[in-house]
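The structure under discussion appears below in the form of structure tokens.
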Amino acid sequence: MVDCTHDDWLDRAATLSIRDQAFINGRFVDAASGKTFDCINPATGDVLVQVAEGDAEDINRAVAAARAAFDDGRWSRLAPGDRKAVLLRVADLIRANLEEMALLDSLDMGKLVTDAVTVDAPGSAHLFQWYAEAIDKVYDEVAPTGPGDLALISRVPLGVVGAVTPWNFPLDMATWKASAALAAGNSVVLKPAEQSPLSALRLAELAAEAGVPDGVLNVVPGEGVAAGRALGLHMDVDCLAFTGSTATGKRFMQYSGQSNLKQVWPETGGKSPNLIFADCEDLDAAADMAAFGIFFNQGEVCSANSRIYVERSIKDEFVERMIERARGMQPGDPLDPVSKMGAIVDEKQTERIMRYVEEGKRTASLVAGGARVTVNGAGCFVQPTVFDDVDHNSVLARDEIFGPVLAVIPFDREDDAVRMANDSIYGLAASVWTGSLSRACRVAEMLTAGTVSVNTVDALSAMTPFGGMKQSGFGRDLSLHSLEKYTALKTTWIKYRA
């Protein structure tokens with residue numbers, strides 16, 4: 001099915017079975033209030049399903065189930081090899097249901113199904129496998145004490161982990177949080193974004209099928225102001241992992257102070273710079289990756305390279321390449337394999353993007369795109385948009401737009417490029433294009449960002465940590481370092497000789 005035609009995907013979508021209840025303590029249940037909310041396909045405007053709308057009572061039920069599961073040790077005290085075997089089965093089940101998981105995300109938030117089936121869903125399976133394999137390969141420590149003393153330093157699971165994930169990569173982000181938290185031995189209560197809860201509900205079902213015990217992975221859909229807030233304020237949640245906006249990340253930090261001082265690990269907004277120097281050896285490759293860096297997933301990427309600083313001597317040449325690539329990446333039906341971009345997640349986000357585009361028309365030169373378009377009678381589609389000669393101090397260059405809108409800003413000197421790149425409240429990612437190794441190392445060292453990609457864009461892997469600096473937050477996903485935020489250091493000191 002990975003090589004599906006448009007008609008194949010449409011047929012599969014028409015027969016797709018969608019889970020529409022919360023998943024608490026190993027079973028699907030209605031919201032305590034009985035309320036539901038519409039889950040809308042942004043590519044068509046159609047209601048896919050009405051999903052249980054969880055609130056504080058549902059969070060209470062989920063946290064109680066997670067706490068009971070943690071305290072009785074059905075998962076937290078399971079032998080590492082046994083936890084590993086279960087999570088490996090989760091990875092296998094995701095792969096066995098690859099097309100279904102991809103379809104759920106595509107229908108739910110508008111991403112290209114070809115991206116979901118070749119990148120998102122396989123990546124999620126890989127990450128569950130990666131953390132499963134890590135479980136029995138992480139060792140504890142023995143401190144160098146004096147004679148007669150033995151000090152053991154171990155990493156222990158925190159308990160109940162709350163995870164609040166965004167709508168742009170629904171399955172991926174749920175996996176980034178849940179796979180590491182479960183590998184460490186925690187129980188998890190996951191609150192997916194209300195715009196895209198469907199793949200998280202199916203993931204919980206697959207995890208149960210794989211052998212994750214009841215209560216260990218719970219999923220509560222609902223509005224952030226109700227379910228998300230309740231999770232952040234809950235006195236029995238030990239850790240809150242969050243990916244989303246900077247404003248919401250700050251609220252979760254406040255919730256921690258207002259409740260039990262739970263650990264909060266935010267990965268928040270971004271406005272990533274891409275620095276293109278005149279000594280770049282392959283300007284076509286730089287343009288290709290720059291287009292990927294802003295137009296992939298409709299620009300709905302926290303680390304999207306949305307502002308390009310290009311050396312003035314090559315600026316016009318580079319902009320022409322970006323115009324050409326923008327024209328070749330027009331949005332279309334997300335289920336059509338020939339489409340280059342999908343739909344924006346909902347009407348609210350589409351209107352927000354277009355407000356920035358209109359502001360850009362007043363302050364910069366629009367050279368590509370800039371229009372909202374209709375596909376198959378639906379209107380949550382925005383053309384890939386390029387603005388040239390953008391003022392570094394304008395909203396185009398400073399605000400996180402979260403859409404396919406690129407700001408091109410010229411520079412004359414290396415230090416000017418670095419200064420402007422760092423002149424942002426964000427510090428999630430950055431890219432540098434140069435043929436000089438010394439410049440690559442020098443500029444990368446000076447950039448304030450969690451990840452600096454040299455001669456590529458937005459490089460990441462299960463093996464390397466992902467997260468930001470400044471108001472992009474300080475949480476880290478991926479790599480063994482992610483296990484640190486879901487565990488505590490515990491010292492056991494044994495005096496065996498007086």
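Since we're looking at a predicted model, the values are computed, not measured.
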Considering residues at least two apart in sequence or located in another chain, which fulfil the side chain to side chain donor-acceptor pair (under 3.5 Å) criterion with D38?
Q50
Report the residues that fulfil side-chain contact (heavy atoms from CB on, under 4.5 Å) with A43, sequence neighbours left out, ordered by chain and then residue number.
N41, P334, A343, F381
Is the closest side-chain donor-acceptor distance between T175 and D172 under 3.5 Å?
no
Could you tell me how the ring of F252 sits relative to the ring of F242: parallel (under 30°), tilted (30 to 60°) or perpendicular (over 60°)?
tilted
Shortest non-hydrogen pair, C302 vs T268, comes out as CB-O, 4.1 Å
Please list, chain by chain and in numerical order, all residues satisfying side-chain contact (heavy atoms from CB on, under 4.5 Å) with R202, sequence neighbours excluded.
R19, N97, E100, M101, L104, E205, L206
Residues passing the side-chain contact (heavy atoms from CB on, under 4.5 Å) test with A285, sequence neighbours excluded, are D282, W433
Which pairs with one or both residues in residues 364-375 pass salt bridge (charged side-chain N to carboxylate O under 4.0 Å, His left out), sequence neighbours excluded?
E347-R372
Residue pair Y356 / V405, side-chain heavy-atom distance below 4.5 Å
no
Contacts of L478 that satisfy side-chain contact (heavy atoms from CB on, under 4.5 Å) - sequence neighbours left out
L127, W176, L460, F466
Donor-acceptor pair, side chain of R83 and main chain of L78, under 3.5 angstrom
yes
Restricting to non-hydrogen atoms, name the atom on H481 and the atom on P465 that form the minimum distance, rounded to 0.1 Å.
CD2-CG, 4.2 Å
Taking the side chain as every heavy atom from C-beta outward, state whether N218 and V188 have any atom pair closer than 4.5 Å.
no
So do the side chains of S431 and V454 get within less than 4.5 Å of each other, counting heavy atoms only?
no
